[in-house]
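Starting from 1, each residue takes its place in the sequence as its number. Values below: all heavy atoms of this structure, side chains included; hydrogens, waters and symmetry mates excluded.
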Amino acid sequence: MSFEDLRKQARQLENEIDLKLVSFSKLGTSYSSQGHAQDSRRAETSPLLGSTNSEHMFETMALEIEQLLVKLNEVNDKMAEYSQNGGINSNNPSLMHTLQRHRDILQDYSLEFNKTKTNISAYRDRESLLGSVRREIDNYHKGSSVQNRRTDLLLKEQDHTRNADRVADEAINIAMATKENLMGQKGMLGGITTKMNSLAKRFPVINNLFQKINLRKRRDSIILGAVIGVCVILLLLYAFR
């Protein structure tokens with residue numbers, strides 16, 4: 001290839017790199033602007049490069065620009081080598097200016113690319129760190145909510161247990177009072193029965209009356225005992241349901 005061909009190839013690569021750098025710079029600017037907007041709003045929105053498509057776009061554009069920069073550097077080296085070994089006067093000021101100009105353009109493009117890539121990488125790392133922190137905070141809040149719900153359930157269960165114990169104690173106290181009352185009535189009826197038996201032995205007619213009274217007393221005792229038993233059972237069922 002002649003020197004002019006190499007120069008045309010260098011210009012073509014420079015134009016292509018320039019266009020891609022503009023798009024790459026817009027990507028970094030958009031990402032930076034969105035990152036600052038998220039900071040001002042403190043909203044948990046996904047960043048520009050948070051999606052898989054944006055990540056792929058960033059990696060693809062960076063790789064393409066790097067390859068173009070490598071090709072442009074190779075073309076510049078070929079032009080320098082051609083100027084030295086191709087029979088062209090290497091001391092020609094115009095030639096030297098052209099070579100230097102292409103080297104400066106390559107250097108500028110490389111600096112701009114590295115700067116934009118560094119900024120985007122920094123924003124990506126920052127968003128990744130903030131996302132990780134947000135996820136940890138969300139997990140902490142979720143764990144706290146679950147723990148609070150478990151505590152509430154345990155407290156409610158404890159209240160139910162206390163209420164059941166209180167009802168059971170009340171039922172036992174009622175049963176004990178009823179028992180003491182029945183024991184007192186039994187003692188009183190026993191004394192009356194003894195007196196009536198002694199009278200019955202003296203008066204046969206009274207003896208028959210006493211027998212009828214004893215039968216009615218037994219019947220009443222059975223009925224009273226059944227009623228008390230049903231009440232105790234109902235109280236226990238209410239307490240432990």
Side-chain angles (χ1 to χ4, degrees), residues 1-140:
M1 297 180 63
S2 65
F3 184 82
E4 288 299 325
D5 292 335
L6 292 173
R7 187 177 180 183
K8 290 180 181 180
Q9 186 176 2
R11 288 178 177 177
Q12 183 179 358
L13 289 173
E14 289 170 355
N15 292 332
E16 190 174 355
I17 293 173
D18 184 67
L19 293 175
K20 289 187 177 295
L21 281 177
V22 171
S23 299
F24 196 63
S25 179
K26 288 181 179 179
L27 180 65
T29 303
S30 301
Y31 182 59
S32 175
S33 299
Q34 185 168 356
H36 289 302
Q38 288 175 352
D39 291 339
S40 61
R41 295 192 307 267
R42 294 182 180 179
E44 294 183 1
T45 56
S46 299
L48 179 64
L49 295 181
S51 62
T52 304
N53 292 334
S54 298
E55 289 286 347
H56 179 69
M57 182 185 300
F58 170 75
E59 298 295 341
T60 301
M61 292 181 65
L63 181 60
E64 290 177 354
I65 294 173
E66 287 178 351
Q67 292 176 349
L68 291 174
L69 290 173
V70 171
K71 290 181 179 180
L72 181 58
N73 185 52
E74 292 177 353
V75 173
N76 288 341
D77 291 340
K78 289 180 181 180
M79 284 193 298
E81 182 180 357
Y82 189 89
S83 64
Q84 294 176 0
N85 301 325
I88 300 177
N89 187 7
S90 59
N91 294 325
N92 188 345
S94 177
L95 177 63
M96 297 300 298
H97 176 74
T98 301
L99 293 176
Q100 186 62 39
R101 177 59 180 166
H102 286 294
R103 291 193 186 98
D104 293 339
I105 293 175
L106 174 61
Q107 184 178 4
D108 292 340
Y109 285 164
S110 299
L111 291 176
E112 183 179 354
F113 169 70
N114 292 328
K115 181 180 178 180
T116 304
K117 183 179 179 181
T118 301
N119 291 335
I120 295 178
S121 299
Y123 280 117
R124 291 174 63 192
D125 295 339
R126 174 178 174 274
E127 291 299 326
S128 177
L129 178 60
L130 291 177
S132 177
V133 173
R134 283 196 292 266
R135 285 192 296 272
E136 291 180 0
I137 294 174
D138 292 339
N139 293 333
Y140 174 77

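Between the side chain of Asn73 and the main chain of Leu69, no donor-acceptor pair closer than 3.5 Å is present.
Considering all non-hydrogen atoms of both residues, Phe58 and Lys117 come closest at CZ-CG, 4.3 Å. Asn76 and Ala10 get closest at one heavy-atom pair: OD1-CB, 4.4 Å. Shortest non-hydrogen contact noted between Glu64 and Lys20 is OE1-NZ, 2.9 Å. Considering all non-hydrogen atoms of both residues, Thr118 and Asn114 come closest at OG1-O, 2.6 Å. For the residue pair Leu6 and Met79, the shortest heavy atom distance occurs at CB-CG, 3.5 Å.
If you take CD on Gln100 and CZ on Arg103, they are separated by 6.0 Å, rounding to the nearest 0.5 Å. Put simply, OG1 on Thr116 and CE on Met61 are 9.5 Å apart, with the number rounded to the nearest 0.5 Å. Distance check: Asp18 CG to Leu13 CG gives 12.5 Å after rounding to the nearest 0.5 Å. Distance CD/Gln12 to CZ/Arg7: 15.0 Å, rounded to 0.5 Å. From Arg11, atom CZ reaches atom CD1 of Ile105 across 9.0 Å, with rounding to the nearest 0.5 Å. Note: Glu14 CD to Arg101 CZ = 8.0 Å, rounded to the nearest 0.5 Å.
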Take Gln9 and Asp5, measure what side chain to side chain donor-acceptor pair (under 3.5 Å) needs, and give me the verdict at the end.
CA-CA 6 Å; Gln9 186 176 2; Asp5 292 335; over 6 Å; no
List the steps, then state whether side-chain contact (heavy atoms from CB on, under 4.5 Å) holds for Ile65 with Tyr109.
CA-CA 9 Å; Ile65 294 173; Tyr109 285 164; over 6 Å; no
Give the C-alpha distance, both sets of side-chain angles, the deciding distance and a yes or no for side-chain contact (heavy atoms from CB on, under 4.5 Å) between Glu112 and Asp108.
CA-CA 6 Å; Glu112 183 179 354; Asp108 292 340; over 6 Å; no
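The side-chain heavy atoms of Leu27 and Ser23, taken from C-beta on, include no pair separated by under 4.5 Å. Inter-residue side-chain proximity for Ile120 and Phe24 is flagged as met; some heavy-atom pair is nearer than 4.5 Å.
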